[in-house]
Amino acid sequence: MNRTDLRNIAIIAHVDHGKTTLVDALLKQSNTFRDASAMGTTLMDSHDLERERGITIFAKNAAIIWKDVKINIVDTPGHADFGGEVERIMNIVDGCLLLVDAKEGPMPQTKFVLKKAIQAGHKIIVVINKIDKKDARPDWVLNRTFDLFVDLGATDEQTDFPVIYASAIQGLAGTEADITKMTDVTPIYDCVLANIKGPTGDATKPLQISAINVQHDTYKGRTVIGRVENGIVKKGMAIAHIKRDGKIVPGKITSIKLFKGMAREEVEEAAAGEIVAVSGLEDIQIGETIADAASPVALPVLNIEEPTVKMTFGVNTSPFAGQEGQFTTSRNIQDRLDHELQNDVALRVDRAEGDGTWIVSGRGELHLSILIEKMRREGFELQVSRPQVIFKRVDGKMHEPFETVSIEAPEEFSGIIIEKMGKRRGEMKDMKVEFGTAFLEFEIPTRGLIGYRNEFLTSTKGQGILNTLLLGYRPEVGDIAGSSHGSMISMEHGVTMGYSLTNLQERGVLFMGAGVEVYVGQVIGEYSRDEDIEVNPCKEKKLSNMRSKGDGPSVSLITPRIMGLEQAIEYVGDDELVEVTPKTIRVRKAITDSVLRKRSSTKIVSTAE
């Protein structure tokens with residue numbers, strides 16, 4: 001039987017199509033969240049990184065009461081690099097709200113999240129959001145969305161989806177694409193209650209809970225978020241913890257919490273169908289089962305897609321090591337990576353050759369850079385290598401990951417985009433031009449995309465939009481001509497001087513201004529040629545006791561290119577590293593000593609500046 005007093009739904013969409021904003025509108029409309037000072041902010045984006053980037057990284061739960069029915073809402077990430085979160089969430093909900101931008105229509109990540117929802121057999125409500133845009137085209141978007149359902153193999157029932165038009169940021173929704181007829185988001189609530197069935201589950205059967213997410217509570221210890229598939233979970237009851245390998249470990253539930261608004265409230269018990277947060281099991285992992293102690297029956301273990309990109313993490317070995325970070329030792333980094341593994345099932349960590357180094361694998365560059373940024377803000381100091389794709393051997397042949405790339409840019413830049421993608425083994429699958437904007441679609445090896453995003457922004461003068469989606473593994477295509485670059489390497493330890501930088505800026509693009517402390521082997525800029533050059537950025541102008549009319553011209557420095565974490569990760573070559581500390585991001589050569597570096601490579605041209 002389906003419960004009539006409960007609904008479990010997920011909100012899915014492409015990045016920046018308004019998922020979190022819609023959840024905020026639903027919370028505010030239901031008077032669940034009464035903090036007037038929070039109006040206009042994204043309540044669900046609780047992490048600093050999420051607020052800064054404007055994207056959802058971690059799936060979050062909330063709950064509202066509407067017409068005596070409790071609606072559990074899960075806000076999911078839109079970026080494919082965090083697809084592991086989306087895959088798990090599909091196991092605890094019974095339906096989805098699919099948000100689609102009223103101008104852009106379905107995008108690559110829309111296809112990704114919708115595919116997961118269709119495979120799970122969920123009922124889907126399409127919400128065409130941002131209809132307040134001046135160039136909104138809801139009819140065109142609706143047709144494209146229907147085509148996407150058909151392409152992904154949706155059932156007849158799924159393709160017969162209800163449609164709601166909305167402006168989440170204004171807190172308006174309706175069944176017609178006329179914003180003047182809308183008053184609030186009530187139509188979304190009514191549509192959910194009418195079209196998405198309550199959860200099934202038998203409270204009389206033995207207990208079964210699948211661990212979908214694991215969090216850490218300061219007072220309660222490890223907290224497991226999951227759905228009660230069958231039975232009733234009670235505070236203090238003895239349970240069986242069924243591990244991935246089938247081993248059964250006895251345990252006890254010490255706390256049960258249900259979601260209410262954005263908070264959690266302690267309860268004594270919860271019945272089948274509820275999404276709960278339970279504590280008391282210290283070694284449980286995501287995908288494992290909490291079962292009845294007397295008759296334990298395991299739920300299917302979650303199958304998560306394998307990582308495609310890897311990076312080498314290591315203890316910082318630069319001359320400035322230990323000056324800015326609080327956690328700098330290999331033990332610190334090992335413990336932090338182990339902690340991350342408990343919460344992120346899409347991550348892999350293996351010990352690398354050599355002391356203090358690990359190979360960390362994830363779903364993409366963004367996935368790994370978010371982890372590095374979190375560690376940096378927590379006070380960790382480390383060095384990381386250039387991202388590399390993970391190859392697989394299938395039937396005796398090497399295979400590598402491929403991605404589909406969707407690009408939207410002014411038509412005038414289409415030529416250089418096609419040229420650059422062609423050099424990186426990108427194969428164009430589609431091209432359309434509408435109102436001066438080119439829409440291009442490519443299939444390209446993931447190797448070809450590494451390091452391209454910054455180059456793409458430069459090529460399109462910041463006016464291009466690039467989105468990617470993993471296609472899967474295909475036979476290796478051979479060598480790829482990526483963007484090779486030369487670096488300007490400091491040959492002195494000291495503080496950069498405006499006098500020397502004025503001359504060096506003519507040789508390329510500097511990464512820093514005057515008055516910055518540097519060390520031997522640090523990369524201070526990008527050289528204009530495809531070779532490295534050693535320079536002295538610390539040279540001062542010689543003083544004399546003579547004065548003449550031409551002395552002392554003012555130093556004029558071009559604004560340097562300040563390297564953030566993601567820009568540095570994209571820039572570094574195979575023989576370079578990114579030094580990450582809580583205060584600074586530096587690019588350096590893996591071998592800082594000039595003599596040793598020359599022995600391992602004949603590429604460097606040494607000149608005395």
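Note that this is a predicted model, so its numbers are computed, not measured. The basis for the numbers below is simple: all heavy atoms, side chains too, and nothing from hydrogens, waters or symmetry mates.
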Non-neighbouring partners of [X] that pass side chain to side chain contact (heavy atoms under 4.5 Å, CB included), sequence neighbours left out:
| X | answer |
| --- | --- |
| Q383 | N316, T317, L577, R588 |
| L337 | F313, I333, V349, W358, V360, L371, M375 |
| Q326 | none |

Holding to salt bridge (charged side-chain N to carboxylate O under 4.0 Å, His left out), I want the full list of residues that pass it with [X], two or more places apart in sequence or in another chain.
| X | answer |
| --- | --- |
| E408 | K103 |
| K243 | D283 |
| K429 | E427 |
| R561 | E526 |

Under the side chain to side chain donor-acceptor pair (under 3.5 Å) rule, collect the residues that match up with T584, sequence neighbours excluded. E324
Which pair of heavy atoms, one from G362 and one from H367, lies closest together, and at what distance? CA-ND1, 3.5 Å
Just jot down the ring-ring contact (aromatic ring centres under 6.0 Å, His included) partners of [X], sequence neighbours excluded, or say none.
| X | value |
| --- | --- |
| F320 | H493, Y519 |
| F380 | F327 |
| F391 | none |
| F511 | Y571 |

